[in-house]
Amino acid sequence: IERVITRYDYDPRKSQQLMEEAGFAKGADGFFVRDGTRFQVGVWASSGAKNEKENAVIVGSLHKSGFDATTHVFSAAQLADAQARALIPGLGTRGIATRPLSANISAAIPRAENRWTGENRGGWANPLYDRAFEGFSRALDRNERIQHNAELEQVYTQELPSIPHWFSPSITAYTSQLSGPVARLTPDSTTAIHHIHEWEWRS
């Protein structure tokens, strides 16, 4: 996986270069404009102190790079309305929990046909990614799964439908009198309890 992924350095100058290639230039206030119109984008987050703090940090970073970004917080009504949430334009900050791979397949795009319940809210679709995920889901051999995972990460990092920022640690606490608990082994695992038949109480 490390050998095939595309890496991106943090370089605000590159952002400016790309925006200039698209016809934008920084105005006197430091924000990008084109034909007298400022480039503006909303950045959405669910309510809650943690989510709103993360959103504020990202919006602040965008401001420093010349993007007129605005914080928006999902109301309770919007969170309950899957269609409204799926169709909101702009950027969004969110946690992906234990669905980092399946959340990016085209079948997970929210649509009327699935009652707007899909996790792929950005609407990104790539047949190579879908094919690799199907192979990953069916494979039982560990090396084969790693190969498909590498294919997934290669496509994902090339097209960059979203930008991962960090992983939150998953902790399984247990008493020292118990032997056998192991770390979570697969990226799509929904539980940290594995090989429980091998656990033993120490005398």
Side-chain angles (χ1 to χ4, degrees), residues 1-12 14-15 18 22 41-46 50-51 54-55 57-58 61-62 65 67 74 79 82-83 85-172 181-196:
I1 294 173
E2 291 285 344
R3 291 194 297 268
V4 301
I5 60 176
T6 302
R7 300 179 182 278
Y8 300 88
D9 295 327
Y10 176 71
D11 186 0
K14 182 67 173 179
S15 300
L18 293 172
V41 62
V43 184
W44 294 79
S46 301
K50 172 180 171 293
N51 296 334
E54 291 172 355
N55 183 280
V57 170
I58 292 173
S61 178
L62 288 169
S65 296
F67 297 91
F74 288 112
L79 287 174
Q83 179 178 353
R85 187 173 185 179
L87 297 179
I88 287 175
L91 304 175
T93 59
R94 61 178 300 204
I96 204 62
T98 57
R99 303 177 300 279
L101 302 179
S102 61
N104 293 308
I105 60 176
S106 58
I109 297 174
R111 300 182 176 91
E113 294 80 5
N114 60 17
R115 298 184 180 180
W116 308 99
T117 56
E119 292 291 336
N120 186 351
R121 296 181 189 142
W124 178 68
N126 184 294
L128 295 177
Y129 189 95
D130 290 346
R131 193 177 308 123
F133 179 76
E134 183 177 356
F136 175 85
S137 301
R138 293 182 176 181
L140 297 178
D141 178 75
R142 182 176 184 271
N143 291 328
E144 187 178 352
R145 285 174 66 84
I146 291 174
Q147 179 59 42
H148 287 305
N149 200 345
E151 295 168 2
L152 289 164
E153 297 293 350
Q154 183 177 34
V155 175
Y156 177 89
T157 57
Q158 285 177 345
E159 297 205 358
L160 213 62
S162 61
I163 303 175
H165 287 92
W166 60 80
F167 290 102
S168 296
S170 178
I171 299 172
T172 303
V182 295
R184 184 174 297 183
L185 300 177
T186 58
D188 55 344
S189 174
T190 58
T191 177
I193 300 176
H194 298 282
H195 304 290
I196 195 170

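In this text the structure is predicted, and so the values were computed from the model without any measurement. Residues: numbered from 1 along the sequence shown.
- The aromatic rings of Tyr129 and Tyr156 lie tilted to each other, with the angle between the two planes from 30° to 60°.
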Report the C-alpha separation of Arg7 and Glu2 in whole Å, then their side-chain angles, then the decisive distance to 0.1 Å, and conclude whether the salt bridge (charged side-chain N to carboxylate O under 4.0 Å, His left out) test is met.
CA-CA 10 Å; Arg7 300 179 182 278; Glu2 291 285 344; 2.3 Å; yes

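- To the nearest 0.5 Å, atoms CG (Leu62) and CG (Leu91) are separated by 7.0 Å.
- Minimum interatomic distance between Gly123 and Ile109 (heavy atoms only, all atoms of both residues): O-CD1, 3.7 Å.
- Using a 4.5 Å heavy-atom cutoff, the side chains of Tyr8 and Ile163 are not in contact.
- Residue pairs satisfying the salt bridge (Lys or Arg N to Asp or Glu O under 4.0 Å) criterion with at least one member in residues 125-138, sequence neighbours excluded, are listed as follows: Glu134-Arg138.
- Panel note: side chain Ser61, backbone Val57; no donor-acceptor pair is recorded below 3.5 Å.
- Looking only at side-chain heavy atoms (C-beta outward), Glu119 and Ile105 stay at 4.5 Å or farther from each other.
- With sequence neighbours excluded, the residues forming a salt bridge (charged side-chain N to carboxylate O under 4.0 Å, His left out) with Asp11 are Arg13, listed by chain and number.
- Ser106 and Ala125 make their closest contact through CB-CB, 3.7 Å (heavy atoms, listed as atom of the first residue, atom of the second, distance).
- The side-chain hydrogen bond (donor to acceptor under 3.5 Å, both in side chains) test applied to Asn55 returns Thr71, not counting sequence neighbours.
- With sequence neighbours excluded, the residues that form a side chain to side chain contact (heavy atoms under 4.5 Å, CB included) with Gln158 are Thr6, Gln154.
- Residues forming a side-chain hydrogen bond (donor to acceptor under 3.5 Å, both in side chains) with Thr93 (at least two apart in sequence, or on another chain): none.
- In this structure, Gly118 and Pro110 approach most closely via the heavy-atom pair O-CG, 3.2 Å.
- Contacts of Ala139 classified as side chain to side chain contact (heavy atoms under 4.5 Å, CB included), with partners at least two apart in sequence or in another chain: Glu144, Arg145, His148.
- For the side chain to side chain contact (heavy atoms under 4.5 Å, CB included) test, residues two or more places apart in sequence or in another chain that qualify with Gln83 are Asp81, Leu87, Trp116.
- Under the side-chain hydrogen bond (donor to acceptor under 3.5 Å, both in side chains) criterion, Arg121 pairs with no residue, sequence neighbours left out.
- In terms of the salt bridge (charged side-chain N to carboxylate O under 4.0 Å, His left out) criterion, residue partners of Glu54 (sequence neighbours excluded) are, by chain and number, Lys50.
- Across all non-hydrogen atoms, the minimal contact from Asn104 to Asn120 is O-ND2, 3.4 Å.
- For Arg142, the salt bridge (charged side-chain N to carboxylate O under 4.0 Å, His left out) criterion is met by no residue, not counting sequence neighbours.
- Shown here are the side chain to side chain contact (heavy atoms under 4.5 Å, CB included) partners of Ser15, two or more places apart in sequence or in another chain: Phe67.
- Among residues two or more places apart in sequence or in another chain, the salt bridge (charged side-chain N to carboxylate O under 4.0 Å, His left out) test is passed with Glu159 by none.
- Across all their heavy atoms, Gly90 and Val41 have their closest contact at CA-CG2, 4.1 Å.
- Rounded to the nearest 0.5 angstrom, Trp44 CH2 and Arg85 CZ are separated by 11.0 Å.
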